[in-house]
Colleague: 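Provided herewith is a single structure, encoded as structure tokens, for subsequent inquiry.
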Amino acid sequence: MKRLPSSTLPWLLLSPAMVLLIAFTHYPALATLWHSFFSTPKGSRPSVFVGLENYALMVDDPVFWRALCNNLWFAFGTIPVAIALAILMALWVNERLAGRGVLRLAYFTPTVLPMIAVANIWLFFYTPQYGLLEQITGALGLPSHNWLGNPDTVLGALMVVAVWKEAGFFMIFYLAALQQISPVLAEAAALEGASRWQYFWQVQFPLLMPTTLFVLINALINAFRLVDHIVVMTKGGPDNASALLLYYIYEVGFAFWDSSYAAALTVVLLAMLGLIALVKFRILDRRTHYQ
Amino acid sequence: MRRTILKSLAALAVTAAFSAPVLAANPVEISFYYPVAVGGAVTKTIDSMVADFEKANPDIKVKAIYAGTYQESIVKALTAFKGGTPPTLAVLLSTDLFTLIDENAIVPIDSLANSAEDKKWIDGFYKGFMENSQTEGKTWGIPFQRSTIVMYYNKALFKEAGLNPDKAPATWNEMVEAARKLTKRDAAGNVSQWGVKIPSTGFGYWMFQAMTASNDTILMNGAGTKTYFDKPGAVQALQHWVDLTTRDKVMPAGAIEWGTTPKDFLEQKAAMVWTTTGNLTNIRSNASFPFGVAMLPGIKHPGSPTGGGNFYVFNKTSPAEQQAAMKFIRFATEPARAAQWSIATGYVAPRQDAWDTPEMKKYLQDVPAADVAREQMKYGVAELSTHDNQRVTKALNDNLQAALSGTKTPDAALKDAQREAERILRAYGR
């Protein structure tokens with residue numbers, strides 16, 4: 001059998017992944033950018049080149065700014081809390097305690113449930129008067145509150161759902177990382193007389209940094225990507241108080257059928273996610289200590 | 001033994017495969033997208049309807065495809081259309097009319113059915129339902145699963161509050177009066193039972209239309225190019241709605257979720273609720289207390305918009321397929337079948353002759369509540385529908401929610417909605 005030229009084999013090995021990446025990631029991204037410079041074809045009116053008109057429209061669109069703002073709040077509100085909770089839970093279930101497996105399972109359950117089902121459950125948690133939350137606050141004699149119906153509380157209520165859903169997932173990564181840490185370090189710290197907090201802050205936490213970085217990027221991407229609960233719980237309301245960027249893109253694309261404007265919005269979302277990835281690879285990676 | 005069974009099965013399969021084409025030399029196949037928007041065994045009912053149709057028309061094969069909610073169904077149908085393989089027939093919202101016309105996705109029904117007899121058949125549907133099916137002098141859709149808003153009220157709570165359980169409030173003022181008596185507060189001011197709930201998420205514009213219709217105000221023109229959101233009658237109607245919370249204190253503040261409203265009623269946390277007739281079967285099978293169904297209490301007179309889905313025949317399909325689709329529509333809207341469909345789902349049968357069938361008469365004796373919707377059709381107006389419909393509807397919905405949660409006054413909210421709608425519709429007025 002004739003040998004393949006040395007440059008062919010790597011390409012052959014790369015090709016399955018590359019075909020998928022190009023077909024479902026790179027080509028759609030470029031096509032989206034291209035479409036965002038054209039008008040939406042409607043029945044008898046074909047698509048024409050409009051340059052940056054869709055982007056100019058976006059600058060003038062109050063709902064876009066509202067959704068973007070909401071999304072940033074959503075990210076800043078959910079990520080630190082989810083990560084802190086995940087570390088806390090991981091530290092706890094890493095200890096030797098009775099029923100550890102059950103506890104781990106309990107923390108991980110929210111991750112396994114489909115988001116649509118979760119959202120339907122939480123919808124009834126938040127329901128005024130007879131929802132779970134209302135029954136608890138009612139028993140304590142606190143006044144009734146319409147959590148999802150009030151523009152001031154709706155985003156916070158949705159953040160709680162996201163934290164609840166995500167924290168268990170991140171916990172698994174932290175748990176795996178904690179088990180990689182050599183027990184020698186714990187013994188050494190104990191001999192030196194370090195407190196529990198000192199051991200965590202000066203030994204465990206720095207060693208968890210690569211995991212934290214990975215989780216942080218995932219959490220950031222998820223903050224822009226997870227919108228299933230919005231569809232079920234609020235549809236972006238009341239008055240766009242809970243509209244997130246991706247939900248707005250869906251609405252523009254598949255409810256308003258304005259595919260070009262939706263493409264322009266998608267380009268903005270892609271650019272933001274690209275920026276996050278760039279920050280990870282260029283800046284944070286250099287400052288993280290890998291073992 | 002086992003081998004003989006297998007052999008005879010194989011023989012059967014072969015016979016079936018060869019005998020089917022003998023019956024129908026060259027069957028036309030049509031695809032049919034339908035949504036499910038209410039509880040109950042809708043899919044099963046559709047399947048048996050399709051089976052009956054195929055038995056009566058062996059030369060036509062119908063592929064019925066469940067397409068999700070209304071919103072998912074139009075997404076699937078239009079995406080398939082743009083991809084060049086549209087369904088032949090679909091049940092989609094009557095308000096999607098202008099969207100479908102603008103996409104050039106549907107063919108007018110009168111171009112497929114234009115004999116004098118066909119015309120008579122089309123005229124047999126209720127006018128209130130046809131308003132959302134006709135424009136530019138053409139008929140584009142045939143009413144199928146149509147609904148309207150009614151008020152459900154809890155007779156046990158009425159009795160408890162000293163109200164007559166057999167007489168529902170007929171006017172807005174009577175409703176507020178009754179709601180005051182039905183709202184229960186403890187010493188600290190916490191409410192354990194609300195007088196009335198009118199949902200404001202998702203279908204806020206629909207509820208609002210009932211109020212404006214009863215206040216002699218319509219919200220759009222028949223061509224779908226103009227809206228009248230900021231007319232004094234509309235502002236007044238929204239003020240009435242907001243007053244239920246701020247002045248009368250008989251309805252909770254903030255947006256009220258459409259999806260949990262029937263549950264609020266079943267849990268006896270709301271004594272009166274406004275929702276679609278499509279919920280009748282659900283409430284009837286789950287209510288642990290006697291309840292009544294009434295026409296919506298109007299501001300000046302009764303009034304309610306229609307809603308629900310129409311049959312549409314799609315463009316880019318062959319004439320033979322379109323004719324077959326037409327046959328199916330005729331079949332599904334025959335009086336006896338429309339009556340069966342209405343009984344199984346709670347939708348309002350769209351033709352008078354369906355209400356005159358013996359089955360329907362018997363059903364009405366058992367469930368007199370079902371007749372309320374038909375009575376109300378006398379006061380029915382078309383559901384809000386314009387070009388770029390969902391965008392215009394959203395502009396109104398967002399601002400209604402802003403007014404109901406107190407961030408805008410009714411006047412300012414409706415002015416904003418009107419300005420936004422005018423901006424969106426600018427291109428269509430020309």
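Letters go in sequence order (proteins before strands), and every chain restarts at 1.
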Colleague: Does anything in residues 149-156 of chain A reach chain B? List residues with heavy atoms under 4.5 Å apart, or say none.
Modeller: A:Gly149, A:Pro151

Colleague: For residues 56-67 of chain A, which side-chain N or O atoms pair as donor and acceptor with protein atoms under 3.5 Å away, sequence neighbours left out?
Modeller:
{"residue": "A:Asp61", "atom": "OD1", "partner": "A:Val63", "partner atom": "N", "Å": "3.0"}
{"residue": "A:Asp61", "atom": "OD2", "partner": "A:Tyr248", "partner atom": "OH", "Å": "2.6"}
{"residue": "A:Asp61", "atom": "OD2", "partner": "A:Tyr261", "partner atom": "OH", "Å": "2.7"}
{"residue": "A:Trp65", "atom": "NE1", "partner": "A:Val59", "partner atom": "O", "Å": "2.8"}

Colleague: In residues 228-238 of chain A, what donor-acceptor pairs under 3.5 Å come from side-chain atoms, sequence neighbours left out?
Modeller:
{"residue": "A:Thr234", "atom": "OG1", "partner": "A:Gly236", "partner atom": "N", "Å": "3.1"}
{"residue": "A:Thr234", "atom": "OG1", "partner": "A:Ser242", "partner atom": "OG", "Å": "2.8"}
{"residue": "A:Lys235", "atom": "NZ", "partner": "A:Val231", "partner atom": "O", "Å": "3.4"}

Colleague: At a 4.5 Å cut-off on heavy atoms, which part of B:Thr201 comes close to chain A: side chain, backbone, both, or neither?
Modeller: neither

Colleague: Please flag which part of B:Trp258 lies under 4.5 Å from any non-hydrogen atom of chain A: side chain, backbone, both or neither.
Modeller: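 Neither the backbone nor the side chain of B:Trp258 comes within 4.5 Å of chain A.
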
Colleague: Under the salt bridge (charged side-chain N to carboxylate O under 4.0 Å, His left out) rule, what do B:Arg391 and B:Glu420 come out as? Steps first, then yes or no, please.
Modeller: CA-CA 9 Å; B:Arg391 208 169 235 175; B:Glu420 178 70 10; over 6 Å; no

Colleague: With a 4.5 angstrom heavy-atom cut-off, could you sort out which part of B:Asn397 is near chain A: side chain, backbone, both or neither?
Modeller: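 Neither part; nothing is under 4.5 Å.
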
Colleague: For B:Glu267, what residues pass the salt bridge (Lys or Arg N to Asp or Glu O under 4.0 Å) criterion, not counting sequence neighbours?
Modeller: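 With neighbours one apart ignored, the set is B:Lys263.
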
Colleague: Any sub-3.5 Å donor-acceptor pair from B:Gln239's side-chain atoms to B:Pro410's backbone N or O?
Modeller: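 Here the side-chain-to-backbone pair does not exist.
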
Colleague: Would the distance check show the side chain of B:Tyr70 and the main-chain N or O of B:Gly309 forming a donor-acceptor pair, the cut-off being under 3.5 Å?
Modeller: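 Side chain of B:Tyr70 to backbone of B:Gly309: a pair is present.
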
Colleague: Give, as side chain, backbone, both or neither, the part of B:Ser192 having an atom under 4.5 angstrom from any heavy atom of chain A.
Modeller: backbone

Colleague: Let me know if B:Lys76 has heavy atoms under 4.5 Å from chain A in its side chain, its backbone, both or neither.
Modeller: neither

Colleague: Given a strict heavy-atom distance threshold of 4.5 Å, which part of B:Ala253 is in contact with chain A: side chain, backbone, both, or neither?
Modeller: backbone

Colleague: Within a 6.0 Å radius of atom CZ on B:Phe291, are there more than 12 heavy atoms belonging to other residues, nucleotides or ligands?
Modeller: yes

